Amino acid sequence: MLQINIIRQDVARVKEKLAIKNFPGIELVDKIIVLDDDRKALQLELETLQSKVNSHSKTIGQLIAKGQKEEAENAKKSVADYKLQIGELNVKLAETEKLLLHELVKLPNLPSDKVPAGKTPEDNVLVREGGSKPHLPEQALPHWDLIKKYDIIDFETGAKITGSGFPLYKGQGARLQRALVQYFLDYNTAAGYTEYLPPFMVNEASAYGTGQLPDKEGQMYYMPADNFYMIPTSEVPLTNIYRDEIIKEENLPVKMTAYSPCFRREAGSFGKDVRGLNRVHQFEKVEIVQLAHPGKSYDALEEMVTHVEKLLGSLELPYRILKLCGGDMSFTSALTYDFEVYSAAQERWLEVSSVSNFEAFQANRAKIRFKDQNGKNQLLHTLNGSALALPRIVACLLENNQQENYIALPGVLHSYFGSGKIG
RNA sequence: GGAGAGAUGCCAGAGUGGUUGAAUGGGACGGUCUCGAAAACCGUUGUACUCGCAAGGGUACCCAGGGUUCGAAUCCCUGUCUCUCCGCCA
């Protein structure tokens, strides 16, 4: 959520920035400012009355103490009138605040100055490419065939147990998941990230704090009996660790990593994008999150990009890094780099990580702050990225490394996997 | 799931209807003393919103949400969480 004060400071700039994100409701900005003006006026009126009630009440107390009962009774009567007005104003103010918040949460984060203009993924800017694409033989198989050939992932039985998009990993397939998670966590903690194992369900306040609610409600699995949401990413519990907290400046940046399964309803997805491991309802992911000083968040972002890049390099997968254009960025992000690996058998790029700086957008809603050197509380910047999401990494590992009778695994995984190959 | 106890500032912990945004202690910060430090002493030490050019005001907040009252940290209701006991259980 954008800070209302920042919007008010430079309305023209806010509108300009929203245009880069191709936000269709620019006029919302003016509406919000009018609502905020109303709010201020109502608040002033209300507080003036409350102030009167308070001072009268004090007087009444003193009168009673002196035994002047009649004067006290008269004073009580005069307060009753204020109380009526206060009641009405309270209702109006609450309505206005609700409306203001309702509109304010509709505004996406402002893109940073570094974000290129553009509308579709074609407008994303290629930052770097790395690794080399393998030359596969004619009869190379896509991963959905390879998993059957080696009997390592069973979608049909997963569908029987739960439903479509809930893969059942088996044997070496299950072990590969464990090996990758372990490797990623070790890699992240070696870089100074503190490892967590968070709850996989969160309450409403947490889902709201990181911005999953209210706009992405339909994408989460929901448990009505307890009002819990299954996490779509461990970013949610990790970031919410510091919700409503004030961090000491010397403890910045806060660097966290966690493995978790991720649950996504993916309502509305269809077609070849969802084939095999490309899009599933439950998948494993290791996430990195940073809470950074506002002046240092873009350095932190670059650091995270390098961190993920080296990790992909160590898996010996062909990758590329894209800087997302305004139109392809998420609602909450100020700057995002996407990491894609090349799936040789599908002959397409698959997104495996997305590293973003949210600036103060999440922190404003979740009230994540630090005390600066002047003793003033300031919002932090939040950043996160995947390091890494497993399914598409697995798809590429299988496809790109397929041999006639086995699948070769990159050297870094051998000790974790207990073998150098599948099959 | 059943029974009971509790939730107050950075921490501990008073406070059971009237200048209480909150005693006291600890911590932290500033100062005095000291060559320096410790000790001692003095002082400072919440957040959000809002009015104001400023100085300086106002309002709200003692888990959360309602209620009673002229007035609530204090009384009532509901919820959440924590602890203890019982039950169940990997």
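Remember, it's a predicted structure, so these values are computed and weren't measured experimentally. Throughout, protein chains are lettered first and strands after them, A, B, ... in sequence-line order, and every chain is numbered starting at 1.
- Distance alone, capped at 3.5 Å, is enough to place a donor-acceptor pair between the A/Asn364 side chain and the A/Met1 backbone.
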Which atoms of nucleotides 69-78 of chain B (N or O only) lie under 3.5 Å from a protein N or O atom, and what are those distances?
| unit_1 | atom_1 | unit_2 | atom_2 | d |
| --- | --- | --- | --- | --- |
| B/C70 | O2' | A/Ser57 | OG | 3.0 |
| B/G71 | OP1 | A/Lys83 | NZ | 2.2 |
| B/G71 | O4' | A/Ser57 | OG | 3.3 |

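- For B/C70, the paired base is B/G18 (Watson-Crick or G-U wobble, both distances below 3.5 Å).
- With A/Leu335 as the fixed residue, the side-chain contact (heavy atoms from CB on, under 4.5 Å) test singles out one of A/Val355, A/Leu324, A/Leu383, A/Val115: A/Val115.
- For B/U59, the OP1/OP2 oxygens have no side-chain nitrogen or oxygen of A/Lys52 closer than 4.0 Å.
- If you check the side chains of A/Asn188 and A/His307, you find a donor sitting under 3.5 Å from an acceptor.
- Look at the C1' atom in both B/U8 and B/U82: the space between them is 15 Å, to the nearest Å.
- Using a 4.0 Å cut-off between charged side-chain N and carboxylate O, A/Glu16 and A/Arg13 make no salt bridge.
- No hydrogens or angles considered: a donor-acceptor pair under 3.5 Å links the side chains of A/Tyr222 and A/Asn227.
- Nucleotides B/C29 and B/A39 place their P atoms 12 Å apart, quoted to the nearest Å.
- The phosphate of B/C49 (OP1 or OP2) has no side-chain N or O of A/Arg39 nearer than 4.0 angstrom.
- Residues A/Asp36 and A/Phe228 both approach RNA chain B. Their nearest nucleotides, taken by heavy-atom distance, put A/Asp36 toward the 5′ side.
- For B/A22 and B/G9, the P atoms lie 15 Å apart once the distance is rounded to whole Å.
- Checking side-chain atoms of A/Thr257 against main-chain N and O of A/Glu287 turns up a donor-acceptor pair under 3.5 Å.
- Relative orientation of the A/Phe361 and A/Phe331 rings is perpendicular, given thresholds of 30° and 60° on the angle between their planes.
- Across all strands, A/Lys248 comes closer than 4.0 Å to no nucleic acid atom at all (heavy-atom distances).
- In this structure, A/Asp37 atom CG and B/U50 atom C1' are separated by 13 Å, rounded to whole Å.
- Rounded to whole Å, the P atom of B/G46 lies 23 Å from the corresponding atom of B/C41.
- Comparing the P positions of B/G15 and B/C70 gives a spacing of 28 Å, expressed to the nearest Å.
- Rounded to a whole angstrom, the distance from the C1' atom of B/U16 to that of B/U74 is 5 Å.
- At the heavy-atom level, A/Gln43 lies under 4.0 Å from base atoms of the strands shown.
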Without placing hydrogens or testing angles, list every side-chain donor-acceptor pair under 3.5 Å for residues 93-101 of chain A, not counting sequence neighbours.
| unit_1 | atom_1 | unit_2 | atom_2 | d |
| --- | --- | --- | --- | --- |
| A/Thr96 | OG1 | A/Lys92 | O | 2.8 |

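- Both distances falling under 3.5 Å, in either a Watson-Crick or a G-U wobble arrangement, occur for no nucleotide opposite B/A23.
- Pairing partner, B/A39: none, since no Watson-Crick or wobble contact has both distances short of 3.5 Å.
- Nucleotide B/C81 forms a Watson-Crick or G-U wobble pair with B/G6, both donor-acceptor distances falling under 3.5 Å.
- With P as the reference atom, B/U44 and B/G26 are 16 Å apart, rounded to whole Å.
- The listed nucleotides are B/U47, B/U50, B/G58; the one nearest the side chain of A/Leu44 is B/U50.
- Across all strands shown, B/C89 has no partner, as no Watson-Crick or G-U wobble contact with both distances under 3.5 Å is found.
- Along RNA chain B, the nucleotide closest to A/Gln62 and the one closest to A/Arg369 are compared, and the more 5′ of them pairs with A/Gln62.
- The nearest whole Å value for the distance from the CG atom in A/Leu100 to the P atom in B/C49 is 13 Å.
- B/A38 and B/G30 have their P atoms separated by 11 Å, with the value rounded to a whole Å.
- When Watson-Crick and G-U wobble pairs are counted only if both distances are under 3.5 Å, B/U59 pairs with B/A48.
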